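The next block holds one structure in the form of structure tokens; read it before the comments.
What you are looking at is a predicted structure, and each value in this text was computed from that prediction instead of being measured. For this chain, numbers begin at 1 and follow the sequence in order.
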Amino acid sequence: MRPILSLALLVAAVAHAAPRFPTSAAFLAQAEEAPSVPAPGAETSVPPPPAAPEPKLEAPRAPASRPEPTVPTEAAKAPSVQPALAPVQEELPVQEDTEPAVAEPAREHDVDAPVTPDDAPVLASSDEAPRTTDAQQQRLVNGAPLYNPNVSLHIVQKKRFADEGKHELALYPAVVQVNGKYTNHAGTALQYIYHLQENFGLQVTGQYNWHTNESGFNLELIDKVREQAQAASSLLLVWGAQAGVEVTPLYGKFAFLDNKLAQFSLVFSGGAGIGSTRHLIRPAMSNEVDGQRYDVPARFGDTGTKFLGSVGGGFRLQFGESYALRLEVRDLIYTARVDRVDGCNLADFDKMEAAARDPSQSFAALQLSSSCDYQRFDGVDRKTKKNYRDDIILGRDLVAEPSSDVLNNISFYAGFSFLF
């Protein structure tokens, strides 16, 4: 009975509300008959968007190599219009087709990003050095090829002062022997150099040793045991003249005193010529005559000219364009053979020794060789009262056993030069 009463109440309620709310069928009929006038809004003020172009099929690209499209910074803004009441429109279904290819807008350079120059070389890989075939980029800059002279650093520079075609006059006030076993030398040298090329020159050298004597070790042997080195091993060089070449394979520069530059060169030289030699006949001694003592200096005998050669090397330090400081070590090589002293050979000394026993005998009457300077072994020194005939036997001992040797006179050269 209750279900029947509930159904009756529901029908009565629906009949009571029917005049206020039309049926859905009537509402739809009125909507179709009413004209469709859209309300003013974004749809009426903005023109419809252009039709999208047809999609173009492209080959698939790797996601990592395709850059993300740049979104324009400013988009077109629609005018601000108050939306009006408009009929509800059904949402269009979303198409699941492939997104059409849209041309990417031109990208602008970021002001903070580095700009790659147009002439920058292209790298085949990150581990490969820049390479280019552009003749402009491969041009020589100060003699060195650079791939990109606009961005590369060039540290190899030419010499500040060229030597080619210049003359150089070098003076060595101090030339000191450093390997004096039996001999001691000290002198002065003068050298002229013509720089035929930048690294090659011709030179002429003259040297005079104002101090030549046997070493203290050899003099001690003479004084204590009456022995000395062979004549050829203790031959002394008085002067030398030679011609040769000079080569400068290396050069560089350095700074000093903060703002000064000096240019240095490594030099090698070699030459050949002749030199005058002498040998000690008698060391310094004291002579006592009639109760009075006289100091007699050492007596040297001329042993003639010998072949002379030299090799050496050192540094030339150039200040400015015209002045240089030179420091070198040279080895003077000369042949040493003692068979004559003051031009007299063994036969000459034998004749003079026989004639010296008779004080009245004159050496001029002896048949001596034309080169023998017999006057150096005759007479009495007025100052020291020394009779030179006493030195005949000493000279004869030097040539009695002829000896030969090749001597190496290693000396240190310190001087300065002028370039013009």
I'd like to know if the side chain of [X] reaches the main chain of [Y], judged simply by a donor and an acceptor atom lying under 3.5 Å from each other, with no hydrogens or angles considered.
| X | Y | result |
| --- | --- | --- |
| Tyr334 | Gly240 | no |
| Asn179 | Asn408 | yes |
| Asn209 | His211 | no |
| Asp342 | Cys344 | no |
| Lys385 | Asn287 | no |
| Glu198 | Asp163 | yes |
| Ser276 | Val238 | no |
| Ser265 | Val267 | no |
| Asp405 | Leu407 | no |
| Thr212 | His185 | no |

Next on the checklist: Run the ring pair (Phe, Tyr, Trp, His ring centres under 6.0 Å) test on Tyr323 and Phe418 for me, step by step, so that the C-alpha distance in whole Å, both residues' side-chain angles and the decisive distance to 0.1 Å come before the verdict.
Outcome noted: CA-CA 5 Å; Tyr323 300 96; Phe418 175 74; 5.6 Å; yes
Next on the checklist: Taking atom CD as the centre, does Glu288 end up with more than 12 heavy-atom neighbours from other residues, nucleotides or ligands that are less than 6.0 angstrom away?
Outcome noted: yes
Just so I know, are the side chains of [X] and [Y] near enough to count as touching, which here means a heavy-atom distance under 4.5 Å?
| X | Y | result |
| --- | --- | --- |
| Leu327 | Phe412 | yes |
| Arg299 | Lys386 | no |
| Leu171 | Leu190 | yes |
| Tyr294 | Asp381 | no |
| Leu368 | Met352 | yes |
| His279 | Leu236 | no |
| Ile393 | Glu353 | yes |
| Leu266 | Phe315 | yes |

Looking at every non-hydrogen atom in both residues, tell me the closest pair between [X] and [Y] and how far apart they are.
| X | Y | result |
| --- | --- | --- |
| Pro173 | Thr188 | O-OG1, 3.2 Å |
| Ile274 | Trp239 | O-CZ3, 4.2 Å |
| Leu196 | Glu164 | O-CG, 3.8 Å |
| Gly180 | Ser215 | O-CB, 4.3 Å |
| Ser411 | Tyr413 | O-CD1, 3.6 Å |
| Val341 | Gly395 | CG2-O, 4.3 Å |

Item to check | Derivation of the side chain to side chain contact (heavy atoms under 4.5 Å, CB included) call for Val296 and Arg282 | outcome: CA-CA 10 Å; Val296 182; Arg282 170 180 39 80; 3.3 Å; yes
Checklist entry - What's the verdict on side chain to side chain contact (heavy atoms under 4.5 Å, CB included) for Arg389 and Phe363, showing C-alpha distance, side-chain angles and the deciding distance? => result CA-CA 11 Å; Arg389 290 194 174 190; Phe363 290 166; 3.7 Å; yes
Checklist entry - Would you call Arg326 and Glu328 a salt bridge, using N to O less than 4.0 angstrom? => result yes
Let me confirm one number: the [atom1]-[atom2] distance from [X] to [Y], rounded to the nearest 0.5 Å.
| X | Y | atom1 | atom2 | result |
| --- | --- | --- | --- | --- |
| Asp339 | Leu346 | CG | CG | 10.5 Å |
| Gln242 | Gln191 | CD | CD | 8.5 Å |
| Tyr192 | Ser417 | OH | OG | 13.0 Å |
| Phe377 | Leu394 | CZ | CG | 9.0 Å |
| Ile281 | Thr303 | CD1 | OG1 | 9.5 Å |
| Thr183 | Gln177 | OG1 | CD | 4.0 Å |

Checklist entry - Given the rule in the side chain to side chain contact (heavy atoms under 4.5 Å, CB included) test, do Leu237 and Lys306 qualify, once you have shown the distances and angles that lead to the verdict? => result CA-CA 9 Å; Leu237 179 65; Lys306 309 294 182 182; over 6 Å; no
Next on the checklist: In terms of relative ring orientation, are His167 and Tyr194 parallel, tilted or perpendicular, with 30° and 60° separating the classes?
Outcome noted: tilted
Checklist outcome for this item: Test side-chain hydrogen bond (donor to acceptor under 3.5 Å, both in side chains), reference Glu168, set Gln318, Arg316, Gln203, output is Arg316
Item to check | side chain to side chain contact (heavy atoms under 4.5 Å, CB included) between Leu419 and Glu321, worked out | outcome: CA-CA 7 Å; Leu419 290 91; Glu321 188 174 359; over 6 Å; no
Checklist outcome for this item: Paired with Ser310, the side-chain contact (heavy atoms from CB on, under 4.5 Å) test is passed by just one of Leu332, Asp331, Thr205, Asn409, namely Leu332
Item to check | Check: Asp348/Ser369 side-chain N/O donor and acceptor closer than 3.5 Å | outcome: yes
